[in-house]
Engineer: 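Right, I'll just put the structure down here and ask away after.
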Amino acid sequence: QVQLVESGGGLVQAGGSLRLSCTASGGAFSTYAMGWFRQAPGKERELIGAITKSGGSTYYADSVKDRFTISRDDAKNTVYLQMNSLKPEDTAVYYCAAARSPRVVTIDRNYGSWGQGTQVTVSS
């Protein structure tokens, strides 16, 4: 299984932007579909974005559509989550995950590798 490390979290004011990165090692990154999840205190983990191994198809949760963009750079073994127009309700721990699939993966149990998470805090 591939190992994943997230970075780029932090504290930002509402309306601001952050870019999260997730770098993979120990596996053929280009063969994995990737996803970004988040979990806020007291809430269930939710999928917010996903991308196929080819990068040709993406999925976004309604809560982040038109504000967040997922992309990947296979040369750098990295998937990104560009987050714009951040809101206090975006505050959460953000996780990336990898799945062996040719399609966008929207079910969390189908992801076999997970990062440790990075905290994003949006102040009002």
Side-chain angles (χ1 to χ4, degrees):
Q1 295 282 17
V2 67
Q3 289 80 49
L4 304 172
V5 178
E6 302 97 337
S7 61
L11 174 64
V12 64
Q13 289 188 330
S17 298
L18 280 175
R19 188 177 78 159
L20 305 183
S21 300
C22 170
T23 300
S25 62
F29 177 73
S30 63
T31 67
Y32 288 88
M34 301 297 295
W36 281 100
F37 292 76
R38 69 184 181 188
Q39 187 166 23
K43 294 188 176 181
E44 292 188 355
R45 183 173 62 194
E46 64 170 331
L47 174 68
I48 55 171
I51 190 167
T52 53
K53 62 179 183 178
S54 70
S57 294
T58 55
Y59 161 88
Y60 296 98
D62 287 343
S63 57
V64 305
K65 202 170 292 183
D66 299 326
R67 298 189 298 124
F68 290 10
T69 303
I70 188 171
S71 62
R72 64 188 297 155
D73 184 342
D74 288 355
K76 296 182 178 180
N77 289 347
T78 300
V79 62
Y80 302 99
L81 185 68
Q82 178 67 45
M83 306 186 294
N84 299 329
S85 302
L86 283 161
K87 305 175 181 180
E89 52 264 43
D90 293 319
T91 295
V93 178
Y94 284 70
Y95 302 88
C96 68
R100 291 276 197 183
S101 173
R103 291 176 289 275
V104 166
V105 179
T106 60
I107 301 174
D108 58 359
R109 67 174 180 270
N110 290 340
Y111 284 91
S113 298
W114 293 82
Q116 83 289 349
T118 185
Q119 176 71 46
V120 172
T121 303
V122 184
S123 63
S124 57

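Computed from a predicted model, the values in this text were never measured in an experiment. For the single chain, residues carry numbers from 1 onward in sequence order.
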Engineer: Mark yes or no for whether Q3, through its side chain, and Q1, through its backbone, hold a donor-acceptor pair below 3.5 Å.
Structural biologist: yes

Engineer: State, with a plain yes or no, whether a side-chain heavy atom of S124 is found less than 4.5 Å away from one of Q13.
Structural biologist: no

Engineer: Show the numbers, then the answer: is there a side chain to side chain contact (heavy atoms under 4.5 Å, CB included) between E89 and S63?
Structural biologist: CA-CA 10 Å; E89 52 264 43; S63 57; over 6 Å; no

Engineer: Identify whether the distance between the nearest side-chain nitrogen and carboxylate oxygen of D90 and K87 falls below 4.0 Å.
Structural biologist: no

Engineer: Taking all non-hydrogen atoms of both residues into account, name the closest pair between G115 and Y95 and its distance.
Structural biologist: O-CD2, 3.7 Å

Engineer: Does the side chain of R67 come within less than 4.5 Å of M83's, by heavy atoms?
Structural biologist: no

Engineer: Which pair of non-hydrogen atoms, one from S123 and one from L11, has the smallest distance, and what is that distance?
Structural biologist: CB-CD1, 4.3 Å

Engineer: Under 3.5 Å, is there a donor-acceptor pair linking the side chains of T23 and T78?
Structural biologist: yes

Engineer: Quick one: which residue pairs count as a ring pair (Phe, Tyr, Trp, His ring centres under 6.0 Å) with a foot in residues 8-42, not counting sequence neighbours?
Structural biologist: F37-Y111, F37-W114

Engineer: May I ask you to test the L18-L86 pair for a side-chain heavy-atom distance under 4.5 Å?
Structural biologist: yes

Engineer: Could you walk me through whether Q116 and V5 pass side chain to side chain contact (heavy atoms under 4.5 Å, CB included), step by step?
Structural biologist: CA-CA 7 Å; Q116 83 289 349; V5 178; 4.2 Å; yes

Engineer: Quick one: pull up CG in N77 and CG in L4 and give me the separation to the nearest 0.5 Å.
Structural biologist: 10.5 Å

Engineer: In Å, rounded to the nearest 0.5 Å, how long is the span from OG of S54 to CZ of R103?
Structural biologist: 12.0 Å

Engineer: Check for me, please, whether L81 and V64 land in the same ILVMFWY cluster - side-chain distances under 4.5 Å, paths through other members count.
Structural biologist: yes

Engineer: What heavy-atom pair brings K53 and R72 nearest, and what distance separates the two atoms?
Structural biologist: CA-NH1, 3.2 Å

Engineer: Is the closest side-chain donor-acceptor distance between R19 and Y80 under 3.5 Å?
Structural biologist: no

Engineer: Looking at G117, is its backbone amide N or carbonyl O close enough to the side chain of E6 to form a donor-acceptor pair, meaning the two atoms are under 3.5 Å apart?
Structural biologist: yes

Engineer: To check you understand the geometry: which heavy-atom pair defines the closest contact between Q39 and R45, and what is its length?
Structural biologist: NE2-N, 3.7 Å

Engineer: Looking only at side chains, do N84 and S17 share a donor and an acceptor under 3.5 Å apart?
Structural biologist: yes

Engineer: Would you say T91's side chain and T121's backbone share a donor-acceptor pair under 3.5 angstrom?
Structural biologist: no

Engineer: At their closest point, which heavy atom of I51 faces which heavy atom of V79, and how far apart are they?
Structural biologist: CG2-CG2, 4.2 Å

Engineer: Mind listing the closest non-hydrogen atom pair of A50 and V104 along with its distance?
Structural biologist: CB-CG1, 3.7 Å

Engineer: Does K76 come within less than 4.0 Å of D74, counting only side-chain N to carboxylate O?
Structural biologist: no

Engineer: Test your reading of the model: is there a side-chain donor-acceptor pair from Y60 to the backbone of I70, 3.5 Å cut-off?
Structural biologist: yes

Engineer: Side chains of V120 and L20, heavy atoms from C-beta outward: is any pair under 4.5 Å?
Structural biologist: yes

Engineer: S113 side chain to V2 main-chain N or O, any donor-acceptor pair under 3.5 Å?
Structural biologist: yes

Engineer: When you measure from the side chain of S101 to the backbone N and O of V105, does any donor-acceptor pair fall under 3.5 Å?
Structural biologist: no

